[in-house]
Amino acid sequence: MSGTDPEPRGSFLDALKRRTVSSDLQPPVPPALRQATAYAWRLLVIAAALAVVVFVVIQLKLLVVPLLIAVLITALVWPAFSFLLRHRWPKWLAIVVTVLGTIAVISGLVWLAVWQITREFGSVRQRTVDAVTQFRQYLIDGPLHLSAQQIDDGLRQAGTFLQQQAEVLWTGALAIGTTIGHVGTGVLLTLFILLCLLADGGGIWRWTTRLFPRVARPAVDGAGRAGWRTVKSYARTQLLVATIDAVGIGLGAFLLGVPLSIPIAVLVFLGAFIPFVGAVATGALAVFIALVYNGPLIALFMLIVVLAVQQIESHILQPILMGSAVKVHPLAVVLVVAGGAMVGGIAGALFAVPLAAFVNVVAVYLSTKAWQRTGDPLASPDLIWRTVPRERGRRS
């Protein structure tokens, strides 16, 4: 054994490092590219998760749509329901009055629309014939200079096309019947969910929060309550705005002598729950009816009425009533409604804005950890599961 000391461990590691072969053909990845790829794969995971959620919602649309409609109706009727509770009405009686009152309002609107349609059916039919005759004459005398034979040939071709499609329409009768059955089932399911939310919303929410880990429950509870307040504010505001739009445009149509003013008002009321897009579509329909049955001058006045009502809505009512909690830029509203319509049709357009507002508030609440600053998340007095008379009885 020689007298030399063994080689230290550090020198051995240094030798391995010196022998490591490095190649200039594989330069290190730039930090900006690493950061971009880190964001990219995370965004891909989020997009995949959202795609799965959308797929599941579409597959369960017969359950999801009634649930969302029931939640929206609950937000709409909650002011009246809470008013009855504050005045010490029994909960069961408040539920019965609220639900029956809602059904009575909806039935009344439908009855008024049907009543005016049946009452003015003969006049509208005659005006339709006159309008078609005038349009036919315009095609002959106007800039197109079509002949009567060309118009008749076009009508004949259209009739042939409709006859060819008759078989497709008849084969779709079963699908239509199924759709009607689904609508009936959805109505009953919506009514049942509405009764459950009014009767035991607190119990349902507490059960939902217990699905999450105990440490996450305060955040989930606070975020859900904040989101519910946002949805309730949105629904209350849209109800008031829809009423004002319907009264304004319907009254304008009545004063201008436009037929079917009540059905127009009902359509405007329903369309106003789809922000911007619904108002534009129903307003355009009102102007079109005025143009067909009353001529260009009345149609121009109808357009002025529609634009005036919509300007009052967008520049006065929405900023004052909606407030900062549900304030969304018009561009974002249009994009969200368009995306919702592309994914879920009419139902997607209807629920797009409240869902976007709910998700936005929940995300902000969780990202700012607001539940840690607001104290007890159960202390908010303006929530669906609050039983006001019972708490007043305990305080007294």
Side-chain angles (χ1 to χ4, degrees), residues 76 105-106 108-135 138 234-323 326-334 336-338 341 346 349-350 352-353:
L76 288 172
V105 170
I106 297 175
L109 293 176
V110 174
W111 180 82
L112 284 175
V114 174
W115 170 77
Q116 189 174 37
I117 291 174
T118 55
R119 180 173 176 267
E120 299 184 1
F121 178 76
S123 175
V124 170
R125 182 178 59 183
Q126 185 61 39
R127 290 191 183 187
T128 303
V129 173
D130 296 340
V132 171
T133 303
Q134 293 176 4
F135 182 68
Y138 172 79
Y234 166 84
R236 183 172 60 246
T237 302
Q238 287 301 119
L239 177 62
L240 183 57
V241 169
T243 303
I244 295 174
D245 286 352
V247 171
I249 296 178
L251 183 60
F254 174 76
L255 295 177
L256 291 173
V258 179
L260 306 177
S261 58
I262 294 179
I264 289 175
V266 173
L267 287 177
V268 170
F269 177 81
L270 297 176
F273 286 94
I274 303 177
F276 294 101
V277 178
V280 171
T282 54
L285 177 62
V287 174
F288 176 76
I289 293 177
L291 177 63
V292 172
Y293 296 109
N294 299 88
L297 183 60
I298 299 299
L300 177 61
F301 288 135
M302 191 71 241
L303 177 62
I304 294 174
V305 170
V306 171
L307 292 178
V309 172
Q310 291 181 0
Q311 289 299 313
I312 293 174
E313 171 198 337
S314 59
H315 292 91
I316 298 177
L317 296 179
Q318 291 281 3
I320 293 177
L321 299 177
M322 191 70 77
V326 202
K327 185 179 294 183
V328 184
H329 194 277
L331 177 60
V333 172
V334 172
V336 167
V337 171
I346 297 177
L350 176 63
V353 175

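Below, each value reflects all heavy atoms present in this structure, side chains not excepted, and no hydrogens, waters or symmetry copies.
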### Task
Compare every heavy atom of Ala286 with every heavy atom of Ile249, then report the nearest pair and how far apart it is.
CG2-CB, 4.4 Å

#### Entry: Side-chain heavy-atom pair Val306, Val287 within 4.5 angstrom cut-off
yes

### Query
Going from CG on Leu267 to CG on Asp245, what distance comes out if it is rounded to the nearest 0.5 angstrom?
13.0 Å

### Task
Sort out for me which residue in Leu239, Thr237, Thr243 forms a side-chain contact (heavy atoms from CB on, under 4.5 Å) with Val241.
Thr237

### Query
For the residue pair Ala235 and Leu76, what are the closest heavy atoms and their distance?
O-CD2, 3.1 Å

### Query
At what distance, to the nearest 0.5 angstrom, does CZ of Phe269 lie from OG1 of Thr282?
12.0 Å

### Message
I want to check something: taking the side chain as every heavy atom from C-beta on, are Leu350 and Phe273 in contact at a cut-off of under 4.5 Å?
### Response
yes

### Summary
Separation between CE (Met302) and CG (Leu291), nearest 0.5 Å, reads 12.5 Å

## Note on the structure
Shortest non-hydrogen pair, Ile262 vs Trp115, comes out as CD1-CZ3, 4.1 Å

### Task
State the CG-CD1 distance between Leu303 and Ile298, to the nearest 0.5 angstrom.
12.5 Å

## Note on the structure
Smallest heavy-atom separation, Ala265 atom then Gly250 atom, equals CB-CA, 3.9 Å

### Task
Looking only at non-hydrogen atoms, find the nearest pair between Gln238 and Ala272 and report the distance.
NE2-O, 2.7 Å

### Message
Rounded to the nearest 0.5 Å, what separates atom CG in Leu112 from atom CD1 in Ile117?
### Response
11.0 Å

### Task
Search all heavy atoms of Ala299 against all heavy atoms of Ala290 and return the closest pair with its distance.
CA-CB, 3.8 Å

### Query
Are any non-hydrogen side-chain atoms of Asn294 and Pro259 less than 4.5 angstrom apart?
yes

### Query
In Å, rounded to the nearest 0.5 Å, how long is the span from CD1 of Ile264 to CZ of Phe254?
12.5 Å

